[in-house]
Student: 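I have a structure I would like to understand better, so I am pasting it below and will then ask my questions one at a time.
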Amino acid sequence: MTHDVVYRADCPSRTILDQIADKWSMLVLAVLSEPRRFNEIKRRLEGITQRVLTQTLRRLERNGMITRRVLPGRPLGVEYSLTPLGRSLQGPFGELYNWTVENMDVIQSFQRAYDNRGEQST
């Protein structure tokens with residue numbers, strides 16, 4: 001007997017996936033293979049704005065993926081690091097990243113073919 005799986009609109013998994021599996025969250029988790037300060041994370045993620053990085057870090061902290069530690073001294077600094085829960089995503093996200101890199105040429109070829117078809121039909 002087979003059962004159709006229904007992904008309910010109110011299922012918490014949707015919100016959690018939305019919050020941890022977006023592009024910037026995945027890249028921040030990859031950059032935090034070791035503890036890093038805010039500006040170091042920003043420098044390593046070319047193209048991310050300060051606002052988006054701040055929002056991403058807060059969301060990851062709220063979801064228990066990273067911790068934020070205020071460093072003593074002047075000026076005060078903040079360091080971010082992975083929690084055990086965040087570290088547990090390194091394997092699955094690493095696999096997804098590797099798959100993306102291994103298949104990006106093929107995917108880009110499909111994208112070009114699709115885009116060319118669209119141009120011809122207009």
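Heavy-atom basis, side chains included; hydrogens, waters and symmetry copies ignored.
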Student: Leu53 and Val28: which non-hydrogen atoms are nearest, and at how many Å?
Tutor: CD1-CG2, 3.8 Å

Student: Which residues, ordered by chain and number, are linked to Phe110 in its hydrophobic cluster, where ILVMFWY side chains connect at heavy-atom gaps below 4.5 Å, directly or through other members?
Tutor: Val106

Student: Nearest 0.5 Å please: distance from the OG1 atom of Thr100 over to the CD1 atom of Ile107.
Tutor: 6.5 Å

Student: Show the nearest heavy-atom pair for residues Lys42 and Thr49, with the distance to one decimal.
Tutor: CE-C, 4.2 Å

Student: Just jot down the side-chain contact (heavy atoms from CB on, under 4.5 Å) partners of Glu61, sequence neighbours excluded, or say none.
Tutor: Ile66, Arg68

Student: Would you kindly confirm whether Phe93 and Tyr97 end up in one hydrophobic cluster when ILVMFWY residues are joined by side chain heavy atoms under 4.5 Å apart?
Tutor: no

Student: Scan for salt bridge (charged side-chain N to carboxylate O under 4.0 Å, His left out) pairs involving residues 27-37, sequence neighbours excluded, and state none if there are none.
Tutor: Glu34-Arg36, Arg36-Glu40

Student: Would a 4.5 Å heavy-atom cut-off, applied to side chains only, mark Trp24 and Thr56 as touching?
Tutor: yes

Student: Salt bridge (charged side-chain N to carboxylate O under 4.0 Å, His left out): which pairs involve residues 89-113, sequence neighbours left out?
Tutor: none

Student: Any idea which heavy atoms bring Leu45 and Val31 closest together, and the distance?
Tutor: CD2-CG2, 3.5 Å

Student: Is there a path of hydrophobic side-chain contacts, each under 4.5 Å between heavy atoms, that joins Leu29 and Leu17?
Tutor: no

Student: Is there a chain of hydrophobic side chains (I, L, V, M, F, W, Y, each step under 4.5 Å between heavy atoms) that links Val78 to Ile48?
Tutor: yes

Student: Which heavy atom in Asp22 sits nearest to a heavy atom in Ser25, and how many Å separate them?
Tutor: OD1-OG, 2.6 Å

Student: Test of understanding: with salt bridge (charged side-chain N to carboxylate O under 4.0 Å, His left out), list the residues that count as partners of Asp18, not counting sequence neighbours.
Tutor: none

Student: Any non-hydrogen side-chain atom of Ile41 less than 4.5 Å from a side-chain atom of Leu57?
Tutor: yes

Student: Check Arg59 against Gln19 and note the closest heavy-atom contact, atom names and distance.
Tutor: NE-O, 3.3 Å

Student: Among residues two or more places apart or on two chains, list those pairs meeting salt bridge (charged side-chain N to carboxylate O under 4.0 Å, His left out) that have a residue in residues 71-89.
Tutor: Arg69-Glu79

Student: Which distance, rounded to the nearest 0.5 Å, do you find between the CE of Met104 and the OG of Ser109?
Tutor: 13.5 Å

Student: Sub-3.5 Å donor-acceptor pair from the side chain of Thr67 to the main-chain atoms of Thr83, do we have one?
Tutor: no

